[in-house]
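Below is one structure, written out as structure tokens; the observations come after it.
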2 protein chains.
Amino acid sequence: MRADARKNYSHLLEVARGVVAEDGADASMREIARRAGVGLATLLRHFPTREALFEALLRANLEALTQKAAELETSHPPDEALMSWFREVVAFVQSYSGVVALMASAHEDPDSALYATCVAVHSAGARLLLHAQSEGTARSDMDGGDLFALISALGWLAGQPGFATRGDHLSHLITSAILTNPPENNVKKAM
Amino acid sequence: MRADARKNYSHLLEVARGVVAEDGADASMREIARRAGVGLATLLRHFPTREALFEALLRANLEALTQKAAELETSHPPDEALMSWFREVVAFVQSYSGVVALMASAHEDPDSALYATCVAVHSAGARLLLHAQSEGTARSDMDGGDLFALISALGWLAGQPGFATRGDHLSHLITSAILTNPPENNVKKAM
DNA sequence: ACCTGAACACCGTTCAAGT
DNA sequence: ACCTGAACACCGTTCAAGT
């Protein structure tokens, strides 16, 4: 890559991160190019699709999550590992509004630039779930896909203004549905 | 309303229903007008916003759901009423892809054409939940807003190609999290 | 090699002009 | 009253022309 191209590349990524933080995952590509002081066509040659841009934006985060799963697997009991990883992934997908739809569709499209990283995260979660299930601490009638779906749903909820404030509470509710023996499920019988 | 206007109105609604069934809630307004054989401006004078169009499209369904809640309230025990209403609303929001985002934002905007009907559905659900809670059959640490959020999340999931097939299963998982005494929660301890 | 402006086919909004 | 085409400001895609 030529020196000017490399400079454009990293500058575009930096600007894109800011715009996406403001406008979410469906931010205007033109707006990103505009703020970077570069032609739209230049942005699109570096990142031919929105997925390609997000692959570059998110790869580090997603790889960290995959690795985190491996660490938790050895350092904690299966149910704790599953729950603390779950919360971490949810926190991540909630931090970029709209990113969850992008990831969900990338996971279905082997040609997507985001496909590989999404699959890695997905199977890291599936492993954690399997371990907890084999111990009997997670419900046995769900699989990695269900786990990914629930995480995605919580990410989507956080992006809806009316639901954003309930994110943590609903996360708790759903995790308590995944575990067979939730630590405390906050259910108090009325009178 | 003039005769030709009235004819346009009902024809537009009919066409819109078809287009929305195909393309979801973010269907192109232009496309609807085009298929109706009418100018885009004509569509927009009948329905000045997308919300206005959907208010007309969905009012009957949403009012039916509100009424259904009242019926179930008298004909069934609180927990059964809540669950069977929940499933019915979920089935509805899953039938129009993307409609759930529209409803969620309408519920936050008193000026939206969909606001009143959404609020009615919302509070009908809150009533059912309260009854079940006062009986001790639904978890006490959630409110009508949480219920609406969970329904919306399930509606959103059904609109994502990768998750659509899991809709029923995840509905079951979530309802079992709402009830304090799920009829059968499908959790088998693995030795 | 890399960048860029311009043309293209879309979108929803607005409005003056027609009947 | 109601309809309509056209102009407008956006969007992402594509490509010939520049350095």
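Naming convention: chains lettered A, B, ... in sequence-line order (proteins, then strands); numbering from 1 in each chain.
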Under a 4.5 Å cut-off applied to non-hydrogen side-chain atoms, are B:Arg17 and B:Tyr96 in contact?
yes
Separation of the P atoms in D:dT14 and C:dA1, to the nearest angstrom
23 Å
Per-nucleotide protein contact along nucleotides 14-19 of chain D, 5' to 3', at a 4.0 Å heavy-atom cut-off (B base, S sugar-phosphate only, - neither), is BB----
Pairwise side-chain contact, B:Lys7 with B:Asp4, heavy-atom cut-off 4.5 Å (strictly under):
no
Any non-hydrogen side-chain atom of A:Tyr115 less than 4.5 Å from a side-chain atom of A:Asp109?
no
Would you say the side chain of A:Glu73 lies within less than 4.5 Å of the side chain of A:Pro78, judging by non-hydrogen atoms?
no
Ionic contact status for A:Glu22 with A:Arg35, cut-off 4.0 Å:
yes
Separation of C:dA1 P from A:His46 NE2 (nearest whole Å):
15 Å
Counting Watson-Crick and G-U wobble pairs only, both distances under 3.5 Å, name the nucleotide matched with D:dG5, or none.
C:dC15
4.5 Å side-chain heavy-atom contact, B:Leu170 and A:Met142
no
For the pair B:Arg34 and B:Ser28, evaluate side chain to side chain donor-acceptor pair (under 3.5 Å) and give the outcome as yes or no after the intermediate values.
CA-CA 10 Å; B:Arg34 200 150 34 211; B:Ser28 157; 4.7 Å; no
Using a strict cut-off of less than 4.0 Å between a Lys/Arg side-chain nitrogen and an Asp/Glu carboxylate oxygen, indicate whether A:Arg166 and B:Asp143 qualify as a salt bridge.
yes
Spell out, yes or no, whether A:Leu130 and A:Leu65 are grouped together once hydrophobic residues are joined by side-chain heavy atoms under 4.5 Å, including indirect joins.
no
Within residues 50-59 of chain B, which residues have any heavy atom lying less than 4.0 Å from an atom of DNA chain C?
B:Arg50
Give a yes/no answer on whether the side chain of B:Asn8 brings an N or O atom under 4.0 Å of OP1 or OP2 in D:dC2.
no
What verdict does the ring-ring contact (aromatic ring centres under 6.0 Å, His included) test give for B:Tyr9 and B:Phe47, after you've listed the backbone C-alpha separation in whole Å, the side-chain angles of each residue and the deciding distance to 0.1 Å?
CA-CA 9 Å; B:Tyr9 182 89; B:Phe47 308 104; 5.1 Å; yes
Roughly how many Å is it from NZ in A:Lys7 to C1' in C:dC3, rounded to a whole number?
14 Å
Could you tell me the separation between the CZ atom of A:Arg6 and the P atom of C:dC2, rounded to a whole number of Å?
10 Å
B:Asp23 CG - C:dC11 P separation (whole Å):
10 Å
Residues of residues 24-35 of chain B with any non-hydrogen atom less than 4.0 angstrom from an atom of DNA chain C: list those, numerically ordered, please.
B:Ala27, B:Ser28, B:Met29, B:Arg30, B:Arg34
OP1 or OP2 of D:dC2 under 4.0 Å from side-chain N/O of B:Arg45
no
So do A:Val100 and B:Gln160 actually touch side chain to side chain, heavy atoms under 4.5 Å?
no
Rounded to whole angstrom units, what separation is found between the CG atom of B:Leu43 and the C1' atom of C:dT13?
12 Å
Counting heavy atoms from C-beta on, name the nucleotide in D:dC3, C:dC3, D:dT4 closest to the side chain of B:Asp4.
D:dC3
Tell me: CG of A:Leu12 to C1' of C:dC3, nearest whole Å?
12 Å
